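Chain letters run A, B, ... following the sequence lines, proteins first, then strands; residues in each count from 1. Remember, it's a predicted structure, so these values are computed and weren't measured experimentally.
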Protein chains: 2
Amino acid sequence: MAQSNPPFMSGVPELLLLRLLDQSEMYGYELVRSIKTATGEAISLGEGVIYPVLHSLERNGALKSRRKAVGGRTRVYYSLTAKGRQRLDKLRNEWHRVQGGVASALAAGGHA
Amino acid sequence: MAQSNPPFMSGVPELLLLRLLDQSEMYGYELVRSIKTATGEAISLGEGVIYPVLHSLERNGALKSRRKAVGGRTRVYYSLTAKGRQRLDKLRNEWHRVQGGVASALAAGGHA
DNA sequence: GCAGGATACCTCGAACTAAAAGGTATTACA
DNA sequence: TGTAATACCTTTTAGTTCGAGGTATCCTGC
């Protein structure tokens with residue numbers, strides 16, 4: 001039956017998106033740049049990552065969107081729903097768990 | 001030509017393996033359990049993950065192995081080469097970068 | 001007036017990783 | 001004798017992320 005859990009360390013893009021959108025409403029193109037700056041250039045996610053995640057989060061009811069015309073162009077602004085805030089908490093905890101686990105493993109026994 | 005870089009956050013299994021093997025020689029089946037305990041149960045990787053990584057690291061010259069018969073069963077012990085130590089350093093740095101990036105993003109602006 | 005770059009949206013295909021399950025063989029123990 | 005644990009391994013499947021491509025508008029410089 002091969003019913004596979006998601007990779008133990010995925011969902012970081014999702015976590016970052018939710019985190020940023022929790023602070024303020026944003027649109028996709030903006031998020032692409034925000035992720036870069038918010039992570040101090042450490043992480044850079046392309047549009048091919050951002051948009052699909054945005055759409056799937058909206059389908060799941062974690063995000064809601066509204067279109068806004070700005071200077072002739074249309075932007076789609078996303079913001080968190082209650083469900084999205086729950087999801088954010090969950091992913092944040094997941095992350096801390098994993099991050100802590102790796103830290104333990106790296107720390108153990110000083111280093112030779 | 002669609003020449004894709006590895007996902008920005010992969011190589012954690014590899015990092016853990018190298019880290020443990022840097023501390024002491026170990027065999028595959030043992031590593032499966034060690035990863036679990038070393039990460040405080042936070043991360044659990046099956047044999048289907050461990051063995052392929054071990055083999056590919058050996059092919060790349062990052063690990064060397066020796067067979068040892070223990071009580072009728074054969075164990076394959078792996079240990080780091082100089083190249084493996086370099087690889088470990090590199091992955092450790094990568095991890096710190098990414099981990100730091102996520103931390104920045106999560107910390108920014110306190111929270112609401 | 002038009003070329004080029006930035007803004008803004010989106011999707012598809014390929015690549016890669018990791019998960020789960022299955023396969024072999026030996027030892028230990030009940 | 002049969003079941004669980006040890007120890008190795010591979011193959012199949014699933015899931016994520018990457019890169020590139022595609023459309024359209026706006027602004028700037030020439």
Item to complete: Let me know the distance between CE of B/Met26 and P of D/dC8, rounded to the nearest Å.
Response: 12 Å
Item to complete: Would you check if the side chain of B/Glu58 reaches a backbone N or O of B/His55 as a donor-acceptor pair within less than 3.5 Å?
Response: no
Practice prompt. Check every atom of C/dC16, D/dA7, C/dT11 against the side chain of A/Pro52 and return the nucleotide holding the closest atom.
Written response: C/dT11
Discussion item. Between B/Leu54 and A/Gly46, which residue's closest nucleotide on DNA chain D lies nearer the 5′ terminus?
Written reply: B/Leu54
Worksheet item: With the threshold set at 4.0 Å, does a side-chain nitrogen-carboxylate oxygen contact exist between B/Glu25 and B/Arg66?
Response: yes
Response to the item:
B/Arg75 has its side chain closest, among C/dA18, D/dT6, C/dC9, to D/dT6
Item to complete: Counting heavy atoms from C-beta on, name the nucleotide in C/dC9, C/dA18, C/dC10 closest to the side chain of A/Tyr78.
Response: C/dC10
Discussion item. Here's a test of your reading of the structure: between B/Val70 and B/Val12, which maps to the more 5' nucleotide of DNA chain C?
Written reply: B/Val12
Worksheet entry | Distance in angstrom units between A/Tyr29 OH and C/dT11 P, rounded | 18 Å
Worksheet item: C/dA19, D/dT17, C/dC9: which one has an atom nearest the side-chain heavy atoms of B/Val49?
Response: C/dA19
Practice prompt. Quickly work out the B/Leu15 CG to C/dT17 C1' distance and round it to whole Å.
Written response: 15 Å
Worksheet item: Nearest of C/dT11, D/dC9, C/dA6 to any side-chain atom of A/Arg73?
Response: C/dA6
Worksheet item: Which part of the nucleic acid, if any, lies within reach of B/Glu30 when heavy atoms closer than 4.0 Å are counted: base, sugar-phosphate only, or nothing?
Response: nothing
Worksheet item: Looking at CE of B/Met26 and CD1 of B/Ile35, how far apart are the two atoms once the value is rounded to the nearest 0.5 Å?
Response: 9.0 Å
Worksheet entry | Side chain of A/Ser10 - closest among C/dA19, D/dT6, D/dT16 | D/dT16
Worksheet item: Does any N or O in the side chain of A/Asp22 come within less than 3.5 Å of the main-chain N or O of A/Leu18, such that one atom is a donor and the other an acceptor?
Response: no
Item to complete: Rounded off to whole Å, could you give me the CZ-to-P distance for the B/Arg33 and D/dA5 pair?
Response: 12 Å
Worksheet entry | Exam field: side chain A/Arg75 to backbone A/Lys68, donor-acceptor pair closer than 3.5 Å | no
Worksheet, complete the sentence: B/Ile50 atom CD1 is separated from D/dT10 atom C1', nearest whole Å, by 15 Å
Discussion item. Taking any heavy-atom pair under 4.0 Å as a contact, classify A/Gly48: base, sugar-phosphate, or nothing.
Written reply: base
Response to the item:
note: B/Glu47, atom CD; D/dT10, atom C1'; distance rounded to Å ~ 12 Å
Fill in: Candidate nucleotides D/dT6, D/dC9, D/dT17, ranked by approach to the side chain of B/Tyr51 - the nearest
D/dC9
Worksheet item: Rounded to whole angstrom units, what separation is found between the CZ atom of A/Phe8 and the C1' atom of C/dA20?
Response: 16 Å
Worksheet item: Does A/His55 have a side-chain nitrogen or oxygen under 4.0 Å from the phosphate oxygens OP1 or OP2 of C/dC9?
Response: no
Practice prompt. Looking only at side-chain atoms of B/Asn5, point me to the closest of C/dC16, D/dG19, C/dC9.
Written response: D/dG19
Worksheet item: Any idea which of C/dC16, D/dA7, C/dC9 is nearest the A/Tyr27 side chain?
Response: C/dC9
